[in-house]
Every structure is written in C-alpha cells, then in structure tokens.
Colleague: 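Below are the structure tokens for one structure; questions will follow.
Numbered from 1 within each chain, the chains take letters A, B, ... in sequence-line order. Owing to the predicted nature of the structure, the values given are computational and were not obtained by experimental measurement. Below, all heavy atoms of this structure are taken into account, side chains as well, without hydrogens, waters or symmetry copies.
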Protein chains: 2
Amino acid sequence: MGKNPEEIPGIIISRLPVYYKHLKQLQESSKEYISSEELSKLTGLSSSLIRKDLSYFGTFGRKSYGYDIYCLFQQLSIIMGFNYQKNLIIVGAGYLGQALAYNKGYEERNYKLKGIFDKNPKLIGLYLNDIIVKPVNKIDEFIKKENIDIAALTVPGGAAQKITDRLVAAGIKGIWDFTEVPLKVPKNVLLEEQNINEGLCKLSCVLNKEFNEEIDQNCEQK
Amino acid sequence: MGKNPEEIPGIIISRLPVYYKHLKQLQESSKEYISSEELSKLTGLSSSLIRKDLSYFGTFGRKSYGYDIYCLFQQLSIIMGFNYQKNLIIVGAGYLGQALAYNKGYEERNYKLKGIFDKNPKLIGLYLNDIIVKPVNKIDEFIKKENIDIAALTVPGGAAQKITDRLVAAGIKGIWDFTEVPLKVPKNVLLEEQNINEGLCKLSCVLNKEFNEEIDQNCEQK
DNA sequence: TAAGTTATGTTAATAATTTAACAAAGAGAT
DNA sequence: ATCTCTTTGTTAAATTATTAACATAACTTA
C-alpha cells in the first residue's frame, strides 16, 4: 500500500533500537520464536504496545508462536535503514571524536566511516582506527566527492554553528550533534542531538526528587 | 505543598535540558527577560507547552515581562539537582571512558569525577585528566568509602552485567550506561541508557523513510 | 488615574499514546 | 475431526500530552 505521507511517529522510532538490542541478544540463545509477552518482560514495555508498534510496519508475527527472532531482527534492520550504506565523517578529532572513530556500532548498521577532520595541526595527519585526520578546509570538497550523508559533530561549542553552516552548504543530509550548543539547520537537514550530558541531567533530576522526598518524609514524621 | 507521590513526567524531564541549554546561551546576551513566545522560536516547542512545563515546578514568570533569564536558569539547575554534589566514577577506560574523563560537562552540573577503573593492566596507572586509572577489583571498597552516587559504564558488552551487579551490590544509586546490551538492575537503582548508536538508528531510519518516499514518487509518475 | 499592551498561569478542548479487550488464526492434543 | 490453548493483529476505551483560549496581573503611556 505504501504509507507515504504519514511520518513514522517519533515515539515509535525511539523504541525500535530497544527491540533491536534485545532481539540481537536473543539471537545468541537457542530460542527461535518470542512472544510479545516475553518481549514485554525483557523490555519493560507492555505486550500490547509491542504488538502495536510492530504492526505499524507490517505483519511479522505468527499466531500461537510469536515472532521469529531472526526474521524480526532483519525486518527491524530494514526499517531502520541498515540495509544500505550511509557514509559518515567525524568533524572534530578531540577525545570524543577519537572515541567515535573507534566506535564498534557502524558496521552492523551499515555506516561507513569515510573521514575525520580537525583544524588543530597537532591532530592532522594522525591515524585513528586506520583513518587519517584531515584538515577541516578540505571538508566541503570531501563531502561532495565521497557522497557523505552524515557528519558527527564533536567540535567545541564556539565553532559549532559555523562548521554546521559549512556542512549544510556542502550538502550533508544529517548531523549527529554532540555539541552542547543550540544549532540551527534548515528543515531538509536532519539534526540528531546526542547530548552526552543530558543523561547526567536526568539522573540527578530523579535522584534529586528522591532525595527531596526523603526529606519530606522525615519532616512529616515529626 | 510538596508534590510528593507524583512523579515528574519523563517527557517534561526530557525537555528540561533543552531549556537549560538555551538559557545558558541567552546569558551571554544582554537580554534580561525572555518570553515563552521567544523561547518557542528558539526551541521549536510551543509557547503554551513551555509555560505549562515551567508552571509544573512553580511560578517563575513575571506578567508582561516574561521570565528572568538568570533566575530561570538557576531554578532549572535546582530542579535538575545541580545544587548539590554527585560523586561519579567511570568504569572502563577505553576510548569512550577516556572521552568521558575529559568531558567538560561535570562542573556546571555539580558532578565530581572521583575515580576511573579498568581491568586492563596496560591502562591501570595511566592518568586521565589528572585521575589515575585503578584496578577494577578495588571498586566496591571505593564506592562505599567515597560515597559514589553514579557510575558511568563503558565496558565491553560481555562484561557489563557482571560489573553492574557488583556496582549495585556496592550501593551505587545510578548507572549511566553506555553499553549496547540490555542490563538488569533492581528497581531502586536508576538506569540511564546513553546508547551512542541510537542516534545512528534514528538518523538512518528517517533518511530511509525519505529515500523510500522518493522512490514511491518516481513510481507514481510513471 | 485610566486606557491600552503584554505575557503569564490556568482551564478547556483537542490530539496522541497507551492499555485493555477480543475475535480470528493456528498449533497441539485427544 | 474436534476441542483446547496460545498468541497475534486490531478495535475500543482510557489515559496522557499538547494546543488553544482566556481571565488576570502588571507594566507603559497619556
């Protein structure tokens, strides 16, 4: 049929990696099928929600068996676009950029790390995971020639918007943004904010809540 | 009053770092007040939603002026628990662990990096951002003695659950999880999954959607 | 001091998401 | 072949989240 104009709800997309992670692990077991009820126990999501999420993309289950683990994993891979190659560059070869250079997650998702760029002369020429760090002034040409789809942005906040504009002008399709500053990109460019420190915010926010509740309880007891 | 038993909805918590980021940047300008309407333009969230989110925590605005940028920033910091110190350790001193050792985000959020652990003898003894890498067998004692609240987990997937159990047994309050595997923790321990590669999933999922739509359109034209 | 603006905080309406319920399909047992 | 059991995919209900509307408060100008 082709559910063309309808966008996949972001909230569903955000759960796909959860299913993916568990199905990947399940493949190491001898289990062949898994029910939505079992998946529910593993993921903490309700079985109803899992069935609904999956049914959004098609009919993958088998009545009274459940889902074929291998097939569902393959289907999810296709849904998440892992079946064709995406070309990636890293912009900023500091500590975080280096960690991304050695990240193990690219291959299974069919991302191909094509280049690493920095403006610091001390880093240029360095090899990271067999890829040489190039000067950032070659970046525009490289994006066009090598058909780069996605740029991981790990530059200091002050430089971020300027380099972003440049990436956009060169035709980048998506930015995997590790900076801490608000970036502006045109609507046709994807911006995926991967703010590391957001996790710290959530953790202390909830810890703080629990901490305050303890205090409240102590007060009430008096 | 004390809104005790009610938990802060996760969806609101997830927007707090967005407000925080923009207010931080706004402090560099000479602006003193900002309206929900202006914040809406910056964040892309509706002004109504912004007012509602903020009103969840109290009455911070001033009629016909808007919000005092500095005060709101301070309030958000308190809400997210940045007003008291959280002690942090990094478990796993590989590339990602090293990047986290040099992460600049701790100080402003009042996280204190107290220790780094690894089992690899080649890494033990190494100094990362002036902190020595210790052997992982000292970790239990360290957590208790140094009152560690949060552990950043950057070990290989295979070792993750085992070390998690150990952290939990030692009394850790939260785990900032960078592994790719599903972890099990008891309900009283916070688990914040900071899966780096989730961003790649979302990016290619949406790119894939657009790619398929282009194909669909080409087919229809025939 | 009154009229006109601005922008909040909150209530009401709408939309999105999740859960619950169940009919239908299929498998296994008798 | 029939009965029972399992588990899906889907429809309906309940819940949660977002947007729109507006009364109220406070500032500005005349």
Colleague: Which residues, if any, of residues 18-47 of chain B bring a heavy atom under 4.0 Å of DNA chain C?
Modeller: Ser35(B), Ser36(B)
Colleague: Could you please name the option among dT18(C), dG9(C), dA27(C) that lies closest to any side-chain atom of Arg51(B)?
Modeller: dG9(C)
Colleague: With the side chain of Tyr65(B) defined as its heavy atoms from C-beta on, choose the nearest nucleotide among dA21(C), dT28(D), dT8(D).
Modeller: dT28(D)
Colleague: Any carboxylate oxygen within less than 4.0 angstrom of a Lys/Arg side-chain nitrogen, looking at Glu192(B) and Lys173(B)?
Modeller: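 No, no charged N to carboxylate O under 4.0 Å.
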Colleague: Within less than 4.0 Å of OP1 or OP2 of dT6(C), is there a side-chain N or O belonging to Tyr67(B)?
Modeller: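 No, Tyr67(B) has no side-chain N/O under 4.0 Å of OP1/OP2 on dT6(C).
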Colleague: Using a strict threshold of under 4.0 Å (side-chain N to carboxylate O), is an ion pair present between Lys86(B) and Glu146(B)?
Modeller: no
Colleague: Less than 4.5 Å apart, any side-chain heavy atom of Leu16(A) and any of Cys205(B)?
Modeller: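 Yes - at least one pair of side-chain heavy atoms lies under 4.5 Å apart.
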Colleague: Taking only N and O in the side chain of Arg62(B), is any of them less than 4.0 Å away from OP1 or OP2 of dG9(C)?
Modeller: no
Colleague: Between Ser64(A) and Gly10(B), just flag the one whose closest nucleotide in DNA chain D comes earlier from the 5' side.
Modeller: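 So the residue in question is Ser64(A).
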Colleague: Using a cut-off of strictly less than 4.0 Å, decide whether Tyr56(A) has a side-chain nitrogen or oxygen near OP1 or OP2 of dT18(C).
Modeller: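 No, no such contact exists.
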Colleague: From dA25(C), dT10(D), dT11(C), pick the nucleotide closest to the side chain of Lys52(B)?
Modeller: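 Nucleotide nearest to Lys52(B)'s side chain: dT11(C).
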Colleague: For residues 26-33 of chain A, which side-chain donor-acceptor pairs fall under 3.5 Å, sequence neighbours excluded?
Modeller:
| residue | atom | partner | partner atom | Å |
| --- | --- | --- | --- | --- |
| Ser29(A) | OG | Leu26(A) | O | 2.7 |
| Ser29(A) | OG | Lys31(A) | N | 3.3 |
| Lys31(A) | NZ | Glu38(A) | OE2 | 2.7 |
| Tyr33(A) | OH | Arg62(A) | NH1 | 2.7 |

Colleague: Hey, do the aromatic rings of Tyr67(B) and Phe60(B) have their centres closer than 6.0 Å?
Modeller: no
